[in-house]
Structures are given as C-alpha cells and as structure tokens.
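Structure first, then comments.
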Amino acid sequence: MKKDIHVVGAVITSGDKILCAQRGLEKSLPGLWEFPGGKIEETETPQSALQREIQEEMHCQVEIGDRLEHTVYEYDFGIVHLTTFYCQLVQGTPVLTEHIAIQWLKAHELEKLEWAPADIPAIQKLKQTYQAQK
C-alpha cells in the first residue's frame, strides 16, 4: 500500500504573473516545475505549513488567500494530496534554496513548462480564471 503524502503549494502572484519553481535534479520528479511548498507536518494546518515552507525554501513571507485547488495524484513513491492556495508576497524576494530556477509567468504561459502532474489541475484552473477576467 502506497503512503499518503499531504502537501501544500503556493500560487504566488505579483500583478498578472505567477511564480513557478523548478525542482532540483536530485529530488523526486527532477527538473519538473511546481508551485513552491511542501509537506504538512502533523501539528500544522495547511496554511501554517505553507507559510513555514515558503519561509524555509524561499526566504520570504506570504499572505495566504483562498484555496485554488485540491488534487490527488498517485506517483510511484506515494499518493500525493496537493492543496494549492493563492498567495501574495508580503516580505522579501524569493531566493533559490530548494529549487534550481524560478520564473514569473502569465497564466496563459504556464503550459510552456513541464509541470509535476499533481500541479496540472491548478494550472488549468488558473488559465480558466484569468481568461474569465479578460
């Protein structure tokens, strides 16, 4: 039986652009793009886990907004339960510590990157949301 892994991702926006982060080559899903975040510890809420992870991984602080999407995706290493939240940067500038690259892209540009499968439903929703706002 595969392990359930509960994680959170930050859809950090700045104007009409969204922060995309590329996973390190030594990690699982090497080189794929994702929304930054990480595992939810036993005593944490998804929101507190996300704030901690962004502080640890990117050395900045975010204000967490509404939930964007919840996805369950079965990888070979486990079943990932990913909840993504809209976030705004409130302090600092993202720094590369866990990731090998970041890009700020508009919603319609997101699909040009090769994403981790669990992130794709959030990307589709973002694309629809931003198209509806035009």
[X] [atom1] to [Y] [atom2] distance, which is reported to the nearest 0.5 Å:
X	Y	atom1	atom2	result
Ile18	Lys127	CD1	NZ	12.0 Å
His6	His70	NE2	NE2	7.5 Å
Leu19	Gln103	CG	CD	10.0 Å
Asp119	Leu32	CG	CG	9.5 Å
Lys17	Ile12	NZ	CD1	15.5 Å
Leu126	Tyr86	CG	OH	5.0 Å

Side chains of [X] and [Y] in contact at under 4.5 Å (non-hydrogen atoms):
X	Y	result
Pro121	Thr84	no
Glu34	Lys27	no
Gln61	Gln55	yes
Arg52	Glu41	yes
Trp33	Leu105	no
Leu89	Pro94	yes
Gln88	Thr13	yes
Met58	Val95	no

[X] [atom1]: over 12 foreign heavy atoms closer than 6.0 Å:
X	atom1	answer
Asp4	CG	yes
Lys2	NZ	yes
Glu114	CD	no

Counting distance only, does the side-chain N/O of Thr45 pair as donor-acceptor with the main-chain N or O of Ser48 below 3.5 Å?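 Between the backbone of Ser48 and the side chain of Thr45 there is a qualifying donor-acceptor contact (under 3.5 Å).
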For the side chain of Tyr73 and the backbone of Leu82, is there at least one donor-acceptor N/O pair under 3.5 Å apart?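 A pair under 3.5 Å: no.
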Go through the steps for Ile54 and Cys60 under the test side chain to side chain contact (heavy atoms under 4.5 Å, CB included), then give the verdict. CA-CA 6 Å; Ile54 296 303; Cys60 56; 3.8 Å; yes
If the condition is side chain to side chain contact (heavy atoms under 4.5 Å, CB included), which residues does Glu57 pass it with, not counting sequence neighbours?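 If we apply the side chain to side chain contact (heavy atoms under 4.5 Å, CB included) test to Glu57, skipping adjacent residues, the hits are Pro36, Glu53, Thr97, Glu98, His99.
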Going only through I, L, V, M, F, W and Y residues with side-chain contacts under 4.5 Å, is there a path from [X] to [Y]?
X	Y	result
Tyr75	Ile120	no
Leu110	Val11	yes
Val7	Leu68	no

Which heavy atom in [X] sits nearest to a heavy atom in [Y], and how many Å separate them?
X	Y	answer
Ile100	Gly24	CG2-CA, 3.8 Å
Ser28	Arg23	O-NE, 2.7 Å
Ile5	Gly78	CD1-CA, 4.3 Å
Leu50	Gly37	CD1-CA, 4.0 Å
Ala116	Leu29	CB-CD1, 4.0 Å
Trp115	Leu113	CD1-O, 3.2 Å

Given a cutoff of under 4.5 Å between side-chain heavy atoms of I, L, V, M, F, W and Y, with clusters grown through shared members, what are the other residues clustered with Ile79?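 Members besides Ile79, by chain and number: Val72.
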